[in-house]
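Remarks on the structure that follows.
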There are 2 protein chains.
Amino acid sequence: MSRCEHCIARQLNSIRTLTKVELKRVSHCKTTKYYKKGAIIFDEGDALNGVFCVRDGIAKLTKLSPNGKDQTVKLLGKGELLGQRSVISNERSNLSAVALNDIELCYVPKDQTVDPLQNNQVFSFDVLQHLAKDLRHAENDLIDMAQKTVKQRLAQAIMYVDKTFYVDDSGHLNLILSREDYSNFVGTATESAIRIISQFKKDNLISTQGKRIKIENLEKLQRIE
Amino acid sequence: MSRCEHCIARQLNSIRTLTKVELKRVSHCKTTKYYKKGAIIFDEGDALNGVFCVRDGIAKLTKLSPNGKDQTVKLLGKGELLGQRSVISNERSNLSAVALNDIELCYVPKDQTVDPLQNNQVFSFDVLQHLAKDLRHAENDLIDMAQKTVKQRLAQAIMYVDKTFYVDDSGHLNLILSREDYSNFVGTATESAIRIISQFKKDNLISTQGKRIKIENLEKLQRIE
DNA sequence: CGGGTTGTTGACCAGCTTCAAGATTCGTGG
DNA sequence: CCACGAATCTTGAAGCTGGTCAACAACCCG
């Protein structure tokens, strides 16, 4: 079993502020889990007894709305944590987590996370700062959802995915979202997303080959009215 | 100057977990501020050097979107904190705070908040739990914004305001929002909000007298399709 | 090579926005 | 207390955006 001390993901989240002793304890009791593309990591309403850390792959957090549509709230890549909030507030999960490609996660039981949270000031403050930023993002996303057109949101989504998850030939992180994934993220009908993507293509803002979307004109994409 | 130790608002937020010594310190350096209805407490982009605690009155957090419309993100009543997030993450404010009626706030300088955050485990953990819940709310609001119709959102908004801020004849908290306030909260055009409110009235779900909206049939209001 | 999933396009329609005009209410100063 | 102007509310009509239904093409996978 690989040790947390050497995990690359360690650099990316609050875990880096744990003391050596705490880290060793985490390392000792963590388990590694694998999920296939499309697999459900946990479901809305599940009681979570621990936190997941993405070691490789990408997951999405979604919620099924009453009208039967899935709304994607967030995408999570290497080093990001799933289930942290539920564990902190001691509630059942508000969202479902689904693997977007084959994914490798480390699972750390609750105690090992909550314990340092109540005893290690540095860790606790770091987590606090992360949550504060997450909250700012959520608020801004809310505003975008309320005020921007589908076209604008879709352009943003395309740029976001490209910037955050696309890694070139050397790195093998090749996130390919279906049109439906995009529409769930943007909060629109699949056909609308498709139509807008077609138009972007026609306007030479992007090019596509199969599902893959490549940005051709970032400048203009940013300036979608 | 009244002392924090006896403030009613104290019971309502994380401040209750401060130690006596810390509380005394806060009490000593806090200042009370008054704002008239409509006054701007702080603006988007302002550097905040402290946290505000609502002692009496109601404030809203809003952001001006590029298309020139205000989006209301949250309403805050007695005991709630403004600016906490910005202070924690040490960023400029992401939102503007505006007084919805004449309001009385306590202003606590940064040090007095951040200091306990880094030294008082109980306080720190309590704030953490609050943020976690705020985040859950923000995510759910995002989903509502994406998936529900204007009519549903408006119904929710009316019920929320009524439940959270309406206090009967004895208590004098009489929050009266304009139609525009509602539309900014729901994220729609003012005329749309007006039209839908008219329809609610016609269907006997609510009654109105001037700006005031009174719920007549909560059951049905909850079941808006 | 089927069969299922995903992408694409057209047509139609409901919901919402916008512009515009008028009614009502509110606040302020005389 | 009234009068006036400003703000707010209300309603109508026109037009656009995006959602829905439907048909078909392309792709992927066993």
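The sequence lines fix the lettering, A, B, ..., with proteins before strands; numbering per chain opens at 1.
- The CG atom of A:Asn67 sits 11 Å away from the P atom of D:dG19 (whole-angstrom rounding).
- Using cut-offs of 30° and 60° for the angle between ring planes, the B:Tyr107 and B:Phe52 rings count as tilted.
- Listed in residue order, the members of residues 144-152 of chain B having a heavy atom less than 4.0 Å from DNA chain C are B:Thr149, B:Val150.
- A:Asn140 and B:Lys63 are linked by a side-chain donor-acceptor pair at a separation below 3.5 angstrom, with hydrogens and angles left out of the test.
- When the side-chain nitrogen and oxygen atoms of B:Thr190 are compared with OP1 and OP2 of D:dC9, none of them lie within a distance under 4.0 Å.
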Sugar-phosphate or base contact per nucleotide [nucleotides 22-30 of chain D; S, B, -; heavy atom under 4.0 Å]: ---------

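- For A:Ser198, the listed nucleotide lying nearest its side chain is C:dT9; candidates were D:dT11, C:dT9, C:dT18.
- Note: CD1 (B:Ile194) to P (D:dT8) measures 11 Å, nearest angstrom.
- Counting non-hydrogen atoms under 4.0 angstrom, A:Ser178 reaches the backbone sugars and phosphates but no base.
- Taking atom CD1 of residue B:Ile176 and atom C1' of nucleotide D:dA7, one finds them 16 Å apart after rounding to whole Å.
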Stepwise side-chain contact (heavy atoms from CB on, under 4.5 Å) test for A:His137 and A:Lys74: CA-CA 10 Å; A:His137 277 125; A:Lys74 207 181 169 196; over 6 Å; no

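- With respect to A:Glu139 and B:Arg85, a salt bridge is recorded, a charged nitrogen being found less than 4.0 Å from a carboxylate O.
- For A:Ser192, the side-chain atoms get nearest to D:dG18 when compared with the rest of D:dT10, D:dC9, D:dG18.
- Here A:Asp181 pairs with A:Lys60 in a salt bridge; the nearest charged N to carboxylate O distance falls below 4.0 Å.
- Pairing each heavy atom of A:Phe185 with each of A:Ala157, the nearest pair is CD2-CB, 3.8 Å.
- Side-chain N/O atoms of A:Lys201 and A:Thr208 include a donor and acceptor closer than 3.5 Å.
- Distance B:Lys201 NZ to D:dC9 P: 11 Å, rounded to the nearest Å.
- Distance, B:Arg153 CZ to C:dT17 P: 8 Å, rounded to whole Å.
- Where the helix from C:dC1-D:dG30 to C:dG30-D:dC1 starts and where it ends, the local axes point in directions that differ by 50°; five pairs per end, rounded to 10°.
- Here B:Thr188 lies in heavy-atom contact (under 4.0 Å) with sugar-phosphate atoms only.
- Here the C1' atom of nucleotide D:dC9 and the CZ atom of B:Phe200 are 17 Å apart, to the nearest Å.
- Where B:Glu180 and A:Ile196 each meet DNA chain D at their nearest nucleotide, the meeting point lying more 5' is that of B:Glu180.
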Pair B:Leu154-B:Thr188, side-chain contact (heavy atoms from CB on, under 4.5 Å): steps then yes or no: CA-CA 9 Å; B:Leu154 188 55; B:Thr188 191; over 6 Å; no

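- Atoms CD (A:Gln199) and P (C:dT9) sit 12 Å apart, rounded to a whole Å.
- A:Ser65 and A:Gln71 share no side-chain donor-acceptor pair at under 3.5 Å.
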Verdict with reasoning, B:Gln84 to B:Val127, per side-chain contact (heavy atoms from CB on, under 4.5 Å): CA-CA 10 Å; B:Gln84 198 185 25; B:Val127 172; 3.7 Å; yes

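- Minimum interatomic distance between B:Leu81 and B:Cys53 (heavy atoms only, all atoms of both residues): CD2-CB, 3.6 Å.
- The nearest whole Å value for the distance from the CD1 atom in A:Ile197 to the P atom in C:dT9 is 11 Å.
- Heavy atoms only, all atoms of each residue included: A:Asn67 and B:Gln147 are closest at ND2-O, 3.2 Å.
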